[in-house]
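Notes follow the structure.
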Amino acid sequence: MARIEIDGITKTFGRTPVLRGIDLDVGSGEFLSLVGPSGCGKSTLLRIIAGLTREDRGAIRLAGAGVDHLPARDRDLAMVFQNYALYPHLTVAENIAVPLVMRRLTPAQRLPLVGRRLSGSRAAHAAIAADVARVAETLGIAALANRRPGELSGGQRQRVALGRAMVRRPKAFLMDEPLSNLDAKLRVEMRAEIAALHRRLETTFVYVTHDQAEAMTMSDRIAVMMDGSILQVGTPDEVYADPDDLRVAEFVGSPKINVIAADGPLAVALGLDVARVPDPMGLRLAFRAEAATLVDPTGAALAGPVVHLENFGGDLMVHLAIAAATALVVLRRDPHDPRPRIGETWGLSIRPDRLLAFDAAGQRLRSIVGRAA
Amino acid sequence: MTDMTIASTPAAPIATDRPRRPHEERAAWGLVAPAATLIVVILALPLIVVVALSLTDYQLGAKLWRFVGLANYADLAKDPVFWRSIANTALYAVAVVAGSTGLGLAVALMLQGTGALAPLWRTIFFLPVMASLVAMAIVWEFMLHPTFGLVNAVLGLVGVAPMNWLQNGATALPALAVIGVWQQFGFAMVLFLAGLSGIPTALYDAAEMDGAPSAWARFRLVTWPLLAPVTLFVVVISTIRSFQVFDTVHALTRGGPNKATEVLLYTMYAEGFEFFRTGRAAAIAVVFVAAMLVLTLTKVLVVEKRIPAR
């Protein structure tokens with residue numbers, strides 16, 4: 001359990017900058033997700049924290065101590081890999097035991113056959129077996145102890161990989177897209193399980209994912225990365241409802257946030273204080289699917305025909321074609337409310353406190369807030 | 001075209017429950033005939049002839065011969081030269097297999113991921129495999145020459161007295177084994193390089209995170225176990241190739257000095273084409289083929305069944 005301080009990390013592969021000065025502070029015992037589209041540098045950052053990749057510039061501190069000079073094995077971290085990286089020739093129990101075998105036994109004691117006959121070796125091996133059994137029990141894979149990874153399902157391999165990480169008490173857990181190879185149903189189950197694991201272990205977790213739903217549902221805080229930079233760090237509520245950048249707003253949340261290009265008149269019509277906008281050209285407004293309601297189109301600032309309905313049972317998504325919007329506008333409604341029909345034209349009424357304004361570069365304009373229309 | 005046809009046709013129906021019609025029967029035999037004929041003429045017939053010859057006292061060029069049963073084999077069993085030959089072949093094989101496998105693995109590990117020059121090195125180390133061994137044997141003969149050879153010259157620099165490597169009973173077989181290793185390790189290297197490239201790099205990352213303290217520990221934890229199928233394959237193949245040693249012996253030592261480098265195939269050659277005892281040579285050939293058969297079956301039954309676990 002340790003705090004991770006990341007200070008001005010840059011990394012370039014060849015001529016391609018992958019990380020452009022990353023500053024991040026992960027609190028002790030915190031669950032922090034690094035989320036972003038593929039190629040944003042999140043996995044590279046995780047590998048730099050782990051010590052598997054060396055940064056070009058910057059510094060990492062673990063529990064207050066600089067670790068930049070330490071190789072991965074001496075940083076006292078554990079990592080879960082995307083493809084699990086289990087040793088295919090070892091059984092489940094042997095896989096989980098590897099971190100203990102490597103750290104607790106001398107090179108002589110690790111030798112096959114003779115190793116077990118050395119003094120003190122029997123006790124050390126017994127202690128390792130006990131720890132492995134305890135972890136396997138916790139993860140519900142005790143019955144698989146003598147199987148090899150090739151005989152396991154994806155979910156079982158995932159548990160073995162978790163077991164190998166938690167059999168020690170590392171300073172922090174690093175997870176690199178651990179659920180991305182699982183099917184959708186199992187992914188949702190494992191999401192809850194990893195979150196529960198974090199609550200029980202009370203250890204620092206750094207979790208890399210491209211799936212914003214994983215980040216939203218599991219994290220204490222989320223760092224949204226794009227093009228080698230961190231755009232925003234905040235709680236799931238903050239990045240969802242109060243994004244700093246249009247790219248954050250668009251990346252987080254499902255369905256995707258609705259964006260409309262709003263020049264002067266439309267902004268006024270939506271009740272925005274346009275006088276305070278330095279450059280009204282390129283102003284963009286965004287709102288979540290649940291932040292607007294359907295109203296009578298006459299006199300509405302935004303109106304358009306319903307082109308598609310998606311019924312999820314608990315939610316009804318209404319897709320409207322609205323001229324000013326960059327894509328179809330999606331609204332979330334209760335399916336038990338009266339339903340609009342495809343082809344009908346409806347107006348939109350957006351909750352002014354949920355209307356987010358961004359400038360041409362995508363930066364949030366917090367000074368402009370909507371008034372009740 | 002063919003691929004598409006195969007892909008779009010749901011599993012070709014093989015009617016096993018229906019008796020084949022006569023024209024189908026004829027067509028089937030007709031289609032199999034060319035390959036079957038070749039197998040019989042090229043492989044089966046010569047083998048049968050050799051086995052038959054081994055049961056006679058036939059001598060090359062002789063007009064008369066008679067059936068002697070297993071007498072040739074009984075003679076071989078009592079012949080110290082034959083047993084010496086088997087022992088030498090086995091010693092040679094053990095040395096060459098261990099040497100070429102070990103050296104091949106070591107070179108492969110060094111060449112792995114060495115960037116732009118790796119293909120050049122790979123080609124250089126692979127050259128002996130493709131070179132004509134008889135020609136290379138002449139080169140080695142010069143290198144090992146007792147008075148002006150390179151080997152003695154270099155050893156002389158560190159104060160080792162010159163030796164007549166190929167004419168000394170204690171060094172002749174080891175010298176041939178060194179040449180065998182030199183010739184074969186490139187083959188092992190290529191296979192090991194292929195095997196190494198198949199090991200997921202994430203496993204090395206995992207070994208690093210799991211605290212493997214040294215390169216040796218990572219080798220023991222990841223590389224060696226994951227190369228096991230390749231290693232087994234290399235060992236079997238180079239055993240087969242080592243048993244076939246003949247050209248260096250023929251070019252450099254002719255089985256001498258004093259039978260020190262007498263190996264199975266050379267003994268067979270000497271019996272058949274120097275002493276013209278064809279029946280006896282055929283018996284040695286049968287023993288040799290039996291040994292090859294055992295090794296090949298090992299390869300098929302053990303090695304090819306072991307698909308590397310991923």
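These numbers were taken from a predicted model, which means no experiment stands behind them. Naming: A, B, ... by sequence-line order, numbering from 1 per chain.
- Under a 4.0 Å N-O distance rule, the pair A:Arg3/A:Glu5 qualifies as a salt bridge.
- In this structure, chain B has no heavy atom under 4.5 Å from any part of A:Arg75.
- Between chain B and the options A:Pro71, A:Ala72, A:Ala50, heavy-atom pairs under 4.5 Å are most frequent for A:Ala72.
- With salt bridges taken as basic N to acidic carboxylate O contacts below 4.0 Å, none links B:Asp210 and A:Arg168.
- In terms of non-hydrogen atom pairs under 4.5 Å with chain A, the most contact-rich of B:Ser214, B:Gly211, B:Ala202 is B:Gly211.
- Using a 4.5 Å cut-off between heavy atoms, A:Leu52 touches chain B through its side chain atoms alone.
- For the set A:Arg148, A:Gln82, A:Arg47, the entry with the most heavy-atom pairs within less than 4.5 Å of chain B is A:Arg47.
- Ring-centre distance between B:Phe243 and B:Phe288: not below the 6.0 Å cut-off.
- Contacts of A:Phe81 with chain B are made by side-chain atoms alone, with heavy-atom separations under 4.5 Å and no backbone atom involved.
- The residue among A:Gly51, A:Ala85, A:Pro107, A:Pro99 with the most heavy atom pairs within less than 4.5 Å of chain B is A:Pro99.
- Heavy atoms closer than 4.5 Å to chain B are found in the backbone of A:Ala78, but not in its side chain.
- Using a cut-off of 4.0 Å between Lys/Arg side-chain N and Asp/Glu carboxylate O, B:Arg218 and B:Asp205 are scored as not salt-bridged.
- Note on B:Glu208 versus A:Arg73: salt bridge recorded, some NZ/NE/NH1/NH2 to OD/OE distance being below 4.0 Å.
- Using a 30° and 60° split on the angle between ring planes, A:Tyr207 and A:Phe31 fall in the tilted class, from 30° to 60°.
- Contact of A:Leu100 with chain B is not made at all, since no heavy-atom distance falls under 4.5 Å.
- Chosen from A:Val98, A:Leu174, A:Asp176, A:Val167, the residue pairing most often with chain B at heavy-atom distances under 4.5 Å is A:Val98.
- A heavy-atom distance below 4.5 Å is not found between the side chains of B:Thr248 and B:Trp140.
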